[in-house]
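These figures come from a predicted structure and were not determined experimentally.
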Amino acid sequence: MTDLKNDLLIRALLKKPIERTPVWMMRQAGRYLPEYRQVREQAGSFLNLCTNPELACEVTLQPLRRYQFDAAILFSDILTIPDAMGLGLYFTEGEGPKFKSPIKTVADINALPIPDPNIELKYVTDSVSLIRKSLEGSVPLIGFSGSPWTLATYMVEGGSSKSFQKVKGLMFEQPSIMHVLLDKIAQSVALYLNAQIAAGAQVVMLFDTWGGMLSTEDYRDFSLYYAKQINSILNKGPNGEKIPSILFTKGGGLWLEAMADSGYDALGLDWQTDLHNARIRVGDKVALQGNMDPVTLYANPDVITEKVKVVLEKYGQGSGHVFNLGHGILPDINPDHVKAMVDAVHTFSPTFNCTSLDLI
């Protein structure tokens, strides 16, 4: 990563020595920023914003102008792949994402195409290329996708769900058909992430938002299995460099050991997982990312600073930690509170980093 002026994130994900803990934030480009809301209004809709590379680039860069984040993350949505498969993604105000043509039958699954990311999802790869160029090597660019299981939940349910009745019903009653669906999605995700890498992504992250809704056995068979499959076929960068990979399973704290054996370089942790215990459980196999409660950012800056210290202390000494929230930032957070968090990481994290990678 010799072209990067700031490669802290890359080094931390690979557990190499760092001077301080890198920090970025899930959903760091989003509704909490007034400048984002202006561009969103200009775009006319969220989907228009996602599919316009120039506007997607602009909102990706906005938080980096305000804060000393150590990474940019592609502005997009996890449901781009199902949309490219022909399900017809749309958004209803206050209700979240929905599909015009959700999966209802085995024939629907068999008819699903595997999208070519350089054709049906070219707007994403164009965004990646433009963002990478615009960053001018300042910080690494993170590309991402939803996990096969998470994408399948939306595709079968037709949108968000509380019970996951339809997708779990398919999994329980017709597991072989569920595996056909997940295999198609996994192939699509691998192609998509590799296309992002080719376009300039320097880190990739798999968001398994709904993996935590599964039992231990079902998580292993219907979520982690496909996450491992995807990671095993991720490409190196255009110059042969390793592209670090992050797996984030919300609600996955029960399965850290299994996730640490999945081949990913780092695991994202939600705020309900104890960071100190997580480090003990995974040993030196992977780096850890997280995991301050997003609601902490409603508190005053002094409280935020103290909570940052707690997270840093929980991880302890040495490299292998990326500071982040335990999930995405909420839309009505005061932007000044984000600055308090970032500043606290910059101020206090050097104490916890040294040249030794030994766990304590």
- Query: So, Thr80 versus Tyr192: side-chain donor-acceptor pair below 3.5 Å or not?
  - Reply: yes
- Task: Apply side chain to side chain donor-acceptor pair (under 3.5 Å) to the pair Tyr154 and Ser161, showing each step before the final yes or no.
- Result: CA-CA 8 Å; Tyr154 288 100; Ser161 176; over 6 Å; no
- Just by modelled atom types, is the Asp265 backbone N or O under 3.5 Å from a matching donor or acceptor in the Lys285 side chain? no
- Heavy-atom pair of closest approach, residues Ala201 and Ile243: O-CD1, 3.8 Å
- Closest non-hydrogen contact found for Leu247 with Ser262 is CD2-OG, 4.0 Å
- Partner residues of Glu306 under the side-chain hydrogen bond (donor to acceptor under 3.5 Å, both in side chains) criterion, sequence neighbours left out: Lys309
Hey, can you pull the donor-acceptor pairs under 3.5 Å for the side chains in residues 26-34, sequence neighbours left out?
unit_1, atom_1, unit_2, atom_2, d
Gln28, OE1, Met25, N, 2.9
Gln28, NE2, Ala71, O, 2.9
Tyr32, OH, Gln28, O, 2.5

- Item | Where Leu74 and Leu141 come nearest, the two heavy atoms and their spacing | N-CD1, 3.8 Å
- Using only heavy-atom distances, determine whether the side chains of Ser319 and Asn353 contain a donor-acceptor pair under 3.5 Å. no
- Message: Quick check on the 6.0 Å ring-centre criterion: do Phe207 and Phe144 meet it?
- Response: yes
- Message: Surrounding CZ of Phe91 (heavy atoms of other residues, nucleotides or ligands, distance under 6.0 Å), is the total greater than 12?
- Response: yes
- Do any N or O atoms from the side chain of Asn324 and from the backbone of Gln289 form a donor-acceptor pair under 3.5 angstrom? no
- Task: Go through the side-chain N and O atoms of Thr249 and Trp255 and say whether any donor and acceptor fall under 3.5 Å apart.
- Result: no
- Item | Shared hydrophobic cluster, Val310 / Val322 (ILVMFWY, side-chain heavy atoms < 4.5 Å) | no
- Message: For the aromatic rings, using the six-membered ring if either is Trp, is the centroid distance between His179 and Phe222 under 6.0 Å?
- Response: yes
- Item | Connected hydrophobic set around Leu191, excluding itself, where side chains approach under 4.5 Å | Ile114
- Please identify each residue that fulfils side-chain hydrogen bond (donor to acceptor under 3.5 Å, both in side chains) with Asn118, with sequence neighbours left out. none
- Item | Pair Asp293, Thr296: side-chain N/O donor-acceptor within cut-off below 3.5 Å | no
- Task: Walk me through it: do Phe75 and Phe46 pass the test ring pair (Phe, Tyr, Trp, His ring centres under 6.0 Å)?
- Result: CA-CA 11 Å; Phe75 181 82; Phe46 176 74; 5.8 Å; yes
- Task: Report the residues that fulfil side-chain hydrogen bond (donor to acceptor under 3.5 Å, both in side chains) with Glu19, sequence neighbours left out, ordered by chain and then residue number.
- Result: Arg11
- Message: In this structure, would Val338 and Tyr298 fall into the same cluster of hydrophobic residues linked by side-chain contacts under 4.5 Å?
- Response: yes
- Query: Is Asp302 salt-bridged to Lys307, cutoff N-O under 4.0 Å?
  - Reply: no
- Task: For atom CD of Gln68, decide whether the heavy atoms of other residues, nucleotides or ligands shown that lie under 6.0 angstrom number more than 12.
- Result: no
Would you be so kind as to tabulate the donor-acceptor pairs closer than 3.5 Å made by side chains of residues 162-173, with sequence neighbours excluded?
unit_1, atom_1, unit_2, atom_2, d
Ser163, OG, Gln165, N, 3.4
Lys168, NZ, Met213, O, 2.7

- Note on the structure: Heavy atoms of Thr150 and Thr209 approach each other most closely as OG1-N, 2.9 Å
- Message: Looking at every non-hydrogen atom in both residues, tell me the closest pair between Pro53 and Leu130 and how far apart they are.
- Response: O-CD2, 3.7 Å
